[in-house]
Amino acid sequence: MSFVYKDVCGFEWEMSEKGVGLVFIISAPSGTGKTTVVKGLMNQVAGLRFSVSYTTRLPRPCERDGEDYHFVSHAAFQRMVEKKTFLEWAEVLGNCYGTPRADLEKLEAEGIDLILDIDTQGAKNALNQIDQAVLIYLLPPSLKVLRERLMNRGVDSLEMIKFRLSNARNDIEEAHGYHYVIINDKIEDAVDKLKSIVIAERCRRVKDLILKENKKHWEEKDG
Ligand code: ADP
Ligand code: 5GP
């Protein structure tokens, strides 16, 4: 669905059709529903690209190489670190994850906004290097629900689930430093809120352009 903003002079701006070079960083405790919510968002808003990270983690049964992650060996990951391929990289829950620097190139020129699904350490490192990053933290409704989601996902051992839950307690504290917090209770509501944030941030980013165009038009009218 597109959102058309019609200004006082009758100009139409399709805010969700085109990105404006923004970078949205989404973090959450593992199992909260980041992947699910981001997929829902991308089905509804055009002009978004998902940054596919590199990881040394093994693929889950439903994951595809190049789509969910680029799955690489530890040696290959280390070579990429040495070549400075990554904007940021971190060790998360025993595996390495990195965001390719190349994904951030030409965003504005191509009319794209980028989505980074990265952990809270990665978000801090990326923020130091990106001017226009919007930080969004997705919260599970409770730790009990998070445990249920991790169990239902059915990809982790009980030991791994306990490890993820103990990390979640500390991770949630980092949400204070984010611009937005969304509770992922009902999936449709979480996607709607995320969509609203993307559209609002696009409006904010092009504010100066809208004002400039409006001013020109007003001056023309005044003769
Ligand atoms: P993450 O990417 O944050 O690790 P996933 O997107 O893989 O999490 O979601 C974890 C599990 O929770 C999946 O089985 C997914 O279908 C389920 N899930 C995600 N969001 C919701 C929701 N709002 N309500 C119920 N189940 C959800
Ligand atoms: P999972 O293995 O469950 O897909 O992801 C584990 C954690 O790694 C999640 O918190 C996810 O956001 C994070 N992650 C995924 N890709 C990257 C990345 O490129 N950099 C960083 N720092 N974290 C990442």
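Please read all numbers here as calculations on a predicted model, not as lab measurements. One-based numbering, in listed order, for ligands and for the atoms of each. One-based numbering along the sequence shown.
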Discussion item. Is there a path of hydrophobic side-chain contacts, each under 4.5 Å between heavy atoms of I/L/V/M/F/W/Y residues, joining V191 to M42?
Written reply: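 In one cluster with M42: V191, yes.
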Worksheet item: Can you list the steps and then say if R202 with D113 is a salt bridge (charged side-chain N to carboxylate O under 4.0 Å, His left out)?
Response: CA-CA 9 Å; R202 284 179 177 178; D113 293 330; 2.6 Å; yes
Using atom types as modelled and distance alone, determine if a side-chain donor or acceptor of [X] lies under 3.5 Å from a backbone N or O of [Y].
X: R149; Y: G31; result: no
X: E63; Y: R60; result: yes
X: T55; Y: Y97; result: no
X: S196; Y: D192; result: yes
X: H179; Y: V134; result: no
X: R101; Y: K84; result: yes

To the nearest 0.1 Å, how far is [atom] from its closest protein heavy atom, and which atom is that?
atom: atom 6 (C) of ligand 2; result: Y97 OH, 3.5 Å
atom: atom 20 (N) of ligand 2; result: E88 OE2, 2.7 Å
atom: atom 16 (N) of ligand 2; result: S53 OG, 3.2 Å
atom: atom 3 (O) of ligand 2; result: R60 NH2, 2.9 Å
atom: atom 9 (C) of ligand 2; result: K34 NZ, 3.6 Å
atom: atom 4 (O) of ligand 2; result: Y69 OH, 2.6 Å
atom: atom 11 (C) of ligand 2; result: D117 OD1, 3.5 Å
atom: atom 10 (C) of ligand 1; result: G31 O, 3.4 Å
atom: atom 8 (O) of ligand 1; result: G33 N, 3.1 Å
atom: atom 7 (C) of ligand 2; result: V92 CG1, 3.6 Å

Worksheet item: How close do D156 and M160 get, heavy atom to heavy atom, and via which atoms?
Response: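 Smallest interatomic distance, heavy atoms only, reads OD1-CG, 3.6 Å.
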Worksheet item: Which atom pair, heavy atoms only, marks the closest approach of T56 to S73?
Response: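 Result for this residue pair: CG2-O, 4.0 Å.
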Numbered atoms of ligand 2 (with element) below 4.0 Å of [X], judged on heavy atoms:
X: G122; result: 22 (N)
X: G98; result: 18 (C), 19 (O)
X: A90; result: 22 (N)
X: R57; result: 1 (P), 2 (O), 4 (O)

Worksheet item: Where does D185 meet ligand 1, judged by heavy-atom distances below 4.0 Å: at the side chain, the backbone, both, or neither?
Response: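 Answer for D185: backbone.
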Worksheet item: Out of R149, E63, K186, whose heavy atom is nearest to atom 22 (C) of ligand 1?
Response: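 Comparing heavy atoms across R149, E63, K186, the nearest one to atom 22 (C) of ligand 1 lies in R149.
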Discussion item. Judged on heavy-atom distance to atom 16 (O) of ligand 1, which of N152, L150, T36, N184 sits nearest?
Written reply: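 Minimum heavy-atom distance to atom 16 (O) of ligand 1 goes to T36.
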Considering the heavy atoms of [X], write down every atom of ligand 1 situated less than 4.0 Å from one of them.
X: I187; value: 20 (N), 23 (N)
X: R153; value: 1 (P), 4 (O), 5 (P), 7 (O), 8 (O), 10 (C), 14 (O)
X: T35; value: 1 (P), 2 (O), 6 (O)

Item to complete: Look only at interatomic distance and state if L93 has a nitrogen or oxygen under 3.5 Å from any nitrogen or oxygen of ligand 2.
Response: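 No, L93 has no N/O under 3.5 Å of an N/O on ligand 2.
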Worksheet item: Looking only at distance, does D119 have an N or O less than 3.5 Å from an N or O of ligand 2?
Response: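 Right, the criterion is met.
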Discussion item. Please determine whether any non-hydrogen atom of A28 lies less than 4.0 Å from an atom of ligand 1.
Written reply: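 A28 does not count as a contact of ligand 1 under the 4.0 Å cut-off.
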Worksheet item: Looking only at heavy atoms of S30, does any of them come nearer than 4.0 Å to an atom of ligand 1?
Response: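 Yes, that is the case, since the closest heavy atom of the residue is under 4.0 Å from the ligand.
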Under 4.0 Å between a Lys/Arg side-chain N and an Asp/Glu carboxylate O for [X] and [Y]?
X: D68; Y: R57; value: no
X: K124; Y: E174; value: yes
X: E201; Y: R205; value: no

Worksheet entry | For D117, side chain to side chain contact (heavy atoms under 4.5 Å, CB included) partners two or more places apart |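 K34, T35, F50.
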Practice prompt. Have a look at ligand 2 and work out which part of Q121, if any, has a heavy atom under 4.0 Å from it: side chain, backbone, both or neither.
Written response: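 Answer for Q121: neither.
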Worksheet entry | Location of contacts on E91 toward ligand 2, heavy atoms closer than 4.0 Å |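 It is neither part, as no heavy atom is under 4.0 Å.
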Worksheet item: Going by heavy atoms, is S30 under 4.0 Å from ligand 2?
Response: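 The answer is yes: ligand 2 sits under 4.0 Å from a heavy atom of S30.
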Practice prompt. Taking the side chain as every heavy atom from C-beta outward, state whether N167 and L93 have any pair of such atoms under 4.5 Å apart.
Written response: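 When only atoms from C-beta onward are counted, L93 and N167 do touch, with a gap below 4.5 Å.
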Practice prompt. Report the C-alpha distance between L22 and L114 in whole Å, list the side-chain angles of each, state the deciding distance to 0.1 Å, and finish with yes or no for side chain to side chain contact (heavy atoms under 4.5 Å, CB included).
Written response: CA-CA 6 Å; L22 290 168; L114 191 68; over 6 Å; no
